[in-house]
Participant: 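Sharing a structure with you now.
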Amino acid sequence: MAENSQNLMEKIVSLCKRRGFIYPGSDIYGGLANTFDFGPLGVELANNIKKSWWKNFVQNRSDIYGIDGGILMNPKIWEASGHIQGFIDILVECKKCHKRFRADQTSSKECPDCGGELTEAKKFVPMFKTFVGPVEDSASIAYLRPETAQAIFVNFKNIIDSFHPVLPFGIAQIGKAFRNEITLGNFIFRKLEFEQMEIEYFIQEKEWKKYFKDWKKEIEKWVTSLGVNKKNIRWRKHEKEELAHYSKYTEDVEYDFPFGGFRELYGLAYRTDFDLKNHSEKSGKDLKYVDLKTNEKFFPHVIEPSFGMERTMLMILSEAYCEEEIQPKADPPRAEKGVKRIILKFKPALAPIKAAIFPLLANKPDLIRKAREVYESLKKEFPVAWDDRGNIGKRYYAQDEAGTPFCITVDFDSLEKDDVTVRERDSMKQERIKIKELKEYLEEKLNE
Ligand code: GAP
């Protein structure tokens, strides 16, 4: 990591806004705490993270089935899952301004904001409520899901009936989850509305330790494949008191975030047969699995790797952020000694823009026409950007900040020789490539 400090965090937040990755939510109205909007580069980065996850954990495997369940589900699901009773925050409330605070983070009896008297600690369910149908009464309450997992459990029987999978197998889902978080988050680390990438992996009870271990390895493998240094992650076992209501054993994989060090990146939980058993009981539907070899009928146990998309994004941004002083010879002839550049050293597969195309000068119609041709033909193949503002040096540094792996310049020689200069982001090395070979050149480099 480039720099492990609050300072680095501020730089990342500022870069994200400047370059169109992440904007504060509802900004022109003064914002809304713990909400953010993704800009054009943020949405590409998020999609690339999800694509990588889906390919690795669903498409490349034959034992995992993907689904996309609803955000709104029958509220009985949240009773059966134990969320109404067990998914709680312990909070105190100010009797004067009615603001709530986590009881474990408030030592005094006075409101930190207005000095008002605080209530005794009370249970608070951090699920967002809404109403389904024309009447707003207690019979029409529905919840925005606080985890994607439950859509997987309630579709367990559907998957068995459609695909007849044999244990062990998993069901995976990527989707939004919602939590009424009252602790102010560190940028996108803690949001009200976030995306989870979850797998419920169904196994025989006696094998849970083996599969728990296997999943630790799978998680590490994927995280490091994103370009994350292994020394920046570690595992932490949950104490008994902090285990979620459904879990018998949990370990978090933590990442060394630039604010405050190692924090939860993802959770890996042994959920036993808690969910299938409860849904079976409460729905009256038989959710047991039948082993066709032995005819044994039982509730499978579950190992649950649960990944947060935004925390992945924050990790990738922290890992990729880099500041460098440019040496005069490295990027001739425009760079000056002592000039700093900021680079997001994304792996090419994650980079929101794969290449940027520039005409050397913006006031030469021949150059513009040729550069436009290159841009239009590459645009069909990759996400690419066009820039003709300012001098080439400035355009390079803007793309370095966006994490674009390649910059392609069309100059006067291009008009004669049908070739371009390709400049690589990290090394700043430049080479001449024939226009007709550009697509293959980039394809090869982007897959490295
Ligand atoms: N189904 C299990 C589950 O939801 P969790 O530990 O509460 O477990 C899993 O959440 C992951 O979801 C976390 O490790 C984190 O990556 C992400 N996550 C949870 N709450 C979040 C929030 N408020 N904002 C962003 N990501 C969050």
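Counting starts at 1 for both ligands and their atoms, following the listed order.
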Participant: Measuring from atom 7 (O) of ligand 1, which candidate in R179, E147, R145 has the nearest non-hydrogen atom?
Facilitator: R179
Participant: So, for E195 and E310, which heavy atoms are closest and what is the spacing to 0.1 Å?
Facilitator: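 Here E195 and E310 meet closest at N-OE1, 3.0 Å.
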Participant: So is M313 close enough to ligand 1, meaning a heavy atom under 4.0 angstrom away?
Facilitator: no
Participant: How far is atom 10 (O) of ligand 1 from its nearest protein heavy atom, and which residue and atom is that?
Facilitator: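 So the nearest neighbour among protein heavy atoms is Q196 NE2, 3.4 Å.
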Participant: Counting from 1, what ligand 1 atoms have a heavy atom of E264 closer than 4.0 Å?
Facilitator: 6 (O), 13 (C), 14 (O)
Participant: Looking at F212, Y270, W215, Y65, which one forms a ring-ring contact (aromatic ring centres under 6.0 Å, His included) with Y201?
Facilitator: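 Option passing the ring-ring contact (aromatic ring centres under 6.0 Å, His included) with Y201: W215.
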Participant: Can you tell me which portion of M309 lies within the under-4.0 Å heavy-atom range of ligand 1? Options are side chain, backbone, both, or neither.
Facilitator: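 Neither; nothing of M309 gets under 4.0 Å from ligand 1.
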Participant: Using atom types as modelled, flag every donor-acceptor pair under 3.5 Å from a side chain in residues 84-99 to any protein atom, sequence neighbours excluded.
Facilitator:
{"from": "Q85", "atom 1": "NE2", "to": "E79", "atom 2": "O", "distance (Å)": "3.4"}
{"from": "E93", "atom 1": "OE1", "to": "R100", "atom 2": "NE", "distance (Å)": "3.0"}
{"from": "E93", "atom 1": "OE1", "to": "R100", "atom 2": "NH2", "distance (Å)": "3.4"}
{"from": "E93", "atom 1": "OE2", "to": "H98", "atom 2": "ND1", "distance (Å)": "3.2"}
{"from": "K95", "atom 1": "NZ", "to": "E117", "atom 2": "OE2", "distance (Å)": "3.3"}
{"from": "K99", "atom 1": "NZ", "to": "D113", "atom 2": "OD2", "distance (Å)": "2.7"}

Participant: Any atoms of ligand 1 less than 4.0 Å from a non-hydrogen atom of Y266? List them with their elements.
Facilitator: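 Those of ligand 1 that fall under 4.0 Å from Y266 are 14 (O).
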Participant: Going through the distances and angles, do F189 and F257 end up as a ring pair (Phe, Tyr, Trp, His ring centres under 6.0 Å)?
Facilitator: CA-CA 9 Å; F189 180 83; F257 285 101; 5.3 Å; yes
Participant: For T148, which part has a heavy atom under 4.0 Å from ligand 1: side chain, backbone, both, or neither?
Facilitator: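 Neither; nothing of T148 gets under 4.0 Å from ligand 1.
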Participant: List the closest protein heavy-atom neighbour of atom 17 (C) of ligand 1: residue, atom name, distance to the nearest 0.1 Å.
Facilitator: G308 CA, 3.8 Å
Participant: Could you check whether Y266 and Y255 have their ring centres less than 6.0 Å apart?
Facilitator: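 No.
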Participant: Can you tell me which portion of Y246 lies within the under-4.0 Å heavy-atom range of ligand 1? Options are side chain, backbone, both, or neither.
Facilitator: side chain
Participant: Indicate whether the side chain of N158 and that of N155 have a donor and an acceptor atom separated by less than 3.5 Å.
Facilitator: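 There is such a pair between these side chains.
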